[in-house]
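Quick note: numbers below take in every heavy atom, side chains included, and nothing from hydrogens, waters or symmetry partners. Just so it is clear: chains get the letters A, B, ... in the order the sequence lines come, proteins before strands, and each one is counted from 1.
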Number of protein chains: 2
Amino acid sequence: MRGSQAPTLEAVARVAGVSRSTVSRVINNLPGVSKRAKLAVDTAIAELRYVPNQAARNLVTRRTNSIALVVSERGDRVFSDPFFAKILRGVYAGMTGSRRQLVLLMDQEDREDGALESYLCGGHVDGAVVVSLHRGDPLPARLVEAGLPVVLVGRPLSGIKVPYVDSDNFTGAAAAARHLITTGRRVLATIAGPQDMAAGVDRLAGWQACVPEPAERVAYSDFSVEGGARAMAELLAEFPDIDAVFAAADIIAVGALRTLAEHGKRVPDDIALVGFDDSVLATTTAPQLTTVRQDVEELGRTTTWHLLAQLAGDEPLPPSVLLPTELVERSST
Amino acid sequence: MRGSQAPTLEAVARVAGVSRSTVSRVINNLPGVSKRAKLAVDTAIAELRYVPNQAARNLVTRRTNSIALVVSERGDRVFSDPFFAKILRGVYAGMTGSRRQLVLLMDQEDREDGALESYLCGGHVDGAVVVSLHRGDPLPARLVEAGLPVVLVGRPLSGIKVPYVDSDNFTGAAAAARHLITTGRRVLATIAGPQDMAAGVDRLAGWQACVPEPAERVAYSDFSVEGGARAMAELLAEFPDIDAVFAAADIIAVGALRTLAEHGKRVPDDIALVGFDDSVLATTTAPQLTTVRQDVEELGRTTTWHLLAQLAGDEPLPPSVLLPTELVERSST
DNA sequence: TTGTAGGCGTTATCAG
DNA sequence: CTGATAACGCCTACAA
């Protein structure tokens with residue numbers, strides 16, 4: 001991949017009039033090199049524009065000084081989702097001072113199945129943060145089996161033993177339920193998120209743990225405005241007397257709000273609405289959303305720390321971490 | 001980076017009862033392997049969960065089967081900018097069928113200067129698409145010197161000889177100027193973009209090439225709403241009689257629009273306004289923006305094709321490509 | 001069709 | 001402090 005002939009350690013050593021070992025020591029800042037030798041080597045390096053060959057270095061050291069952020073989602077979707085933006089920001093923040101490169105990897109639809117996996121297991125990276133897992137995704141288990149250090153953003157649904165960091169979705173949803181109950185609402189409904197992701201499952205579970213009739217009045221939606229609008233319509237059609245709704249995400253709540261407006265329902269007078277995430281959306285709606293806050297950037301940061309600690313061998317680590325969530329009261333309840 | 005001891009070619013060969021070369025041939029789908037041998041090898045590979053060591057492979061083949069998308073911008077900014085989202089989408093689209101992995105690299109503020117460069121030159125990737133260059137960024141020249149195939153998104157300002165793909169900013173800006181002139185505007189002004197980026201420079205040049213008094217009535221702004229608002233205010237203060245403004249980006253135009261409203265100027269009655277980009281912003285303003293459309297996704301796609309062609313050795317390639325831009329008339333002129 | 005042997009550019013372990 | 005020398009895991013002529 002280099003023009004004609006990239007200079008090697010050997011070449012530098014010749015020019016500097018020393019041995020390869022000495023050059024290697026200089027490059028890696030190892031002790032035991034005389035000032036004179038170091039100077040000669042530095043000069044030679046500059047002159048030849050020498051850059052160490054990573055492949056050779058990786059081969060012998062068995063480390064690459066880079067970690068991967070793996071997004072198990074189609075690449076073209078990633079950039080438009082603010083969730084990933086925050087995760088990325090957090091991962092970056094978590095890496096400061098670690099002297100490692102971050103490599104962002106996404107699913108490519110046209111690649112054969114194992115491409116991502118063999119890239120990761122093939123020694124391109126020292127470890128991986130994996131985010132956006134859906135039920136049944138075999139990737140994390142495979143990576144762990146292969147011995148690659150991995151930390152997940154979000155609880156895995158498959159029950160595999162992989163360390164993860166997640167927001168406490170269960171407790172957050174429970175708080176939402178309690179809030180609605182204590183503010184006098186009686187006919188409670190929820191729009192649950194996708195049940196192939198832990199966030200969807202756990203928020204539903206937390207809700208159901210606090211609500212009188214857990215199995216009643218549940219609609220499902222993906223994380224989209226349209227889905228939320230549709231689910232709200234279903235709910236309204238089947239249970240016209242509901243006076244409170246917990247939406248499993250702010251974006252779902254936005255859709256619900258739209259449907260409620262179309263049906264002439266006033267929020268919070270006729271129906272109270274609670275969202276989840278405390279994203280920017282929550283303050284741009286009218287009325288502003290009562291919602292459960294999770295700190296997504298912190299999620300990325302903590303996950304990265306966990307991975308780096310694992311790489312550094314700072315055992316023992318907790319197998320998983322739950323970050324607190326918090327109810328934020330605004331005008332929709 | 002593998003658990004205890006990752007299996008090697010050697011191990012597979014032993015289990016399969018063949019030589020390393022035969023295993024290698026199977027892995028690389030080379031001809032000249034008997035059915036029996038292939039079967040034995042495949043079985044052994046599955047049994048041992050063998051994954052080829054990339055470092056070793058890279059070292060000898062001198063290729064990595066991955067290309068980099070390098071964003072010369074702080075990582076945490078990248079995800080929030082829709083421009084990069086579109087570029088990424090285009091790059092992905094351009095890679096379909098290429099059997100390569102995409103590695104996204106961004107500046108990390110805490111890294112020493114050469115980290116990105118030595119990562120790229122050290123043989124981690126076969127080539128790079130580099131985007132978002134500011135004047136004086138030494139990266140592309142260094143990469144090219146080191147022999148790494150590189151294609152730039154956007155014309156480099158430094159005059160270095162690196163292939164690039166860009167939108168035809170000059171012609172687009174000229175079209176904006178002509179449009180304002182032919183619709184009867186007389187006192188023309190422009191809010192130019194940052195002059196440390198080609199997009200800013202070229203749009204200003206295109207404008208100045210078509211306007212009666214090129215040096216007159218120019219304000220400068222970065223690509224932000226606030227900058228546009230401020231620049232518009234400057235213009236208004238200094239030249240109260242202007243009746244047309246060309247903003248070098250839609251986001252700048254949004255700011256200008258705000259200032260104009262504050263000053264009681266009607267658009268387009270009192271002042272005509274043209275933007276650049278045809279981003280989503282252009283249709284969310286009131287009035288909707290007349291603007292110059294550029295296809296950013298296409299930009300990413302074409303740049304990637306160019307790089308892949310270069311890697312494939314499909315010479316000779318045009319050193320650079322300009323993608324057409326097009327005036328879109330709406331209500332602001 | 002298969003196996004043997006040499007080398008890719010580093011690091012690391014030894015003696016000197 | 002410095003310099004040989006043996007790996008690291010794989011590919012690739014070349015020979016069988």
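Under 4.0 angstrom from either OP1 or OP2 of C:dT11 there lies at least one side-chain N or O belonging to A:N28. One finds a side-chain N or O of B:T22 lying less than 4.0 angstrom from the OP1 or OP2 phosphate oxygen of C:dG3. Close to C:dG9, at under 4.0 Å from its OP1 or OP2, lies a side-chain N or O of B:R62. Here B:S34 reaches the OP1 or OP2 of C:dT2: one of its side-chain N or O atoms lies under 4.0 Å away.
The separation between B:L30 atom CG and C:dG3 atom C1' is 15 Å, rounded to whole Å. Whole-Å rounding puts the B:L59 CG to C:dT11 P distance at 12 Å. Distance A:R25 CZ to C:dA12 P: 11 Å, rounded to the nearest Å. Whole-Å rounding puts the B:N53 CG to D:dC11 C1' distance at 13 Å. Atom pair B:R14:CZ and C:dG3:C1' shows a separation of 16 Å (rounding to whole Å applied). Following rounding to the nearest Å, B:L9 (CG) and C:dG7 (P) show an atom-to-atom distance of 19 Å. A straight line from CD of B:E10 to P of D:dC10 spans 10 Å, rounded to a whole angstrom. Computed from coordinates, the A:R20 CZ to C:dT11 C1' distance equals 10 Å when rounded to whole Å.
Note on A:E297 versus A:K86: no salt bridge recorded, every NZ/NE/NH1/NH2 to OD/OE distance being 4.0 Å or above. The pair B:R301-B:E298 meets the salt-bridge criterion, since a charged nitrogen lies less than 4.0 angstrom from a carboxylate oxygen.
With values rounded to the nearest 0.5 angstrom, A:Y119 atom OH is found 6.5 Å from B:Q101 atom CD. Put simply, CD on B:E10 and OG on B:S19 are 9.5 Å apart, with the number rounded to the nearest 0.5 Å.
If you check every strand for non-hydrogen atoms under 4.0 Å, A:A55 touches nothing. Nucleic acid contact class of B:S21 (heavy atoms, under 4.0 Å, all strands): base. Nucleic acid contact for A:T8: sugar-phosphate only, since backbone atoms but no base atoms lie under 4.0 Å from a heavy atom of the residue.
Proximity note for A:S19 (side chain, C-beta onward) versus D:dA4, D:dC10, C:dT2: the nearest is D:dA4.
Map B:K35 and B:A56 each onto its nearest nucleotide of DNA chain C; the residue landing nearer the 5' end is B:K35.
Side chains of A:D137 and A:S72: a donor-acceptor N/O pair is present below 3.5 angstrom, by distance only.
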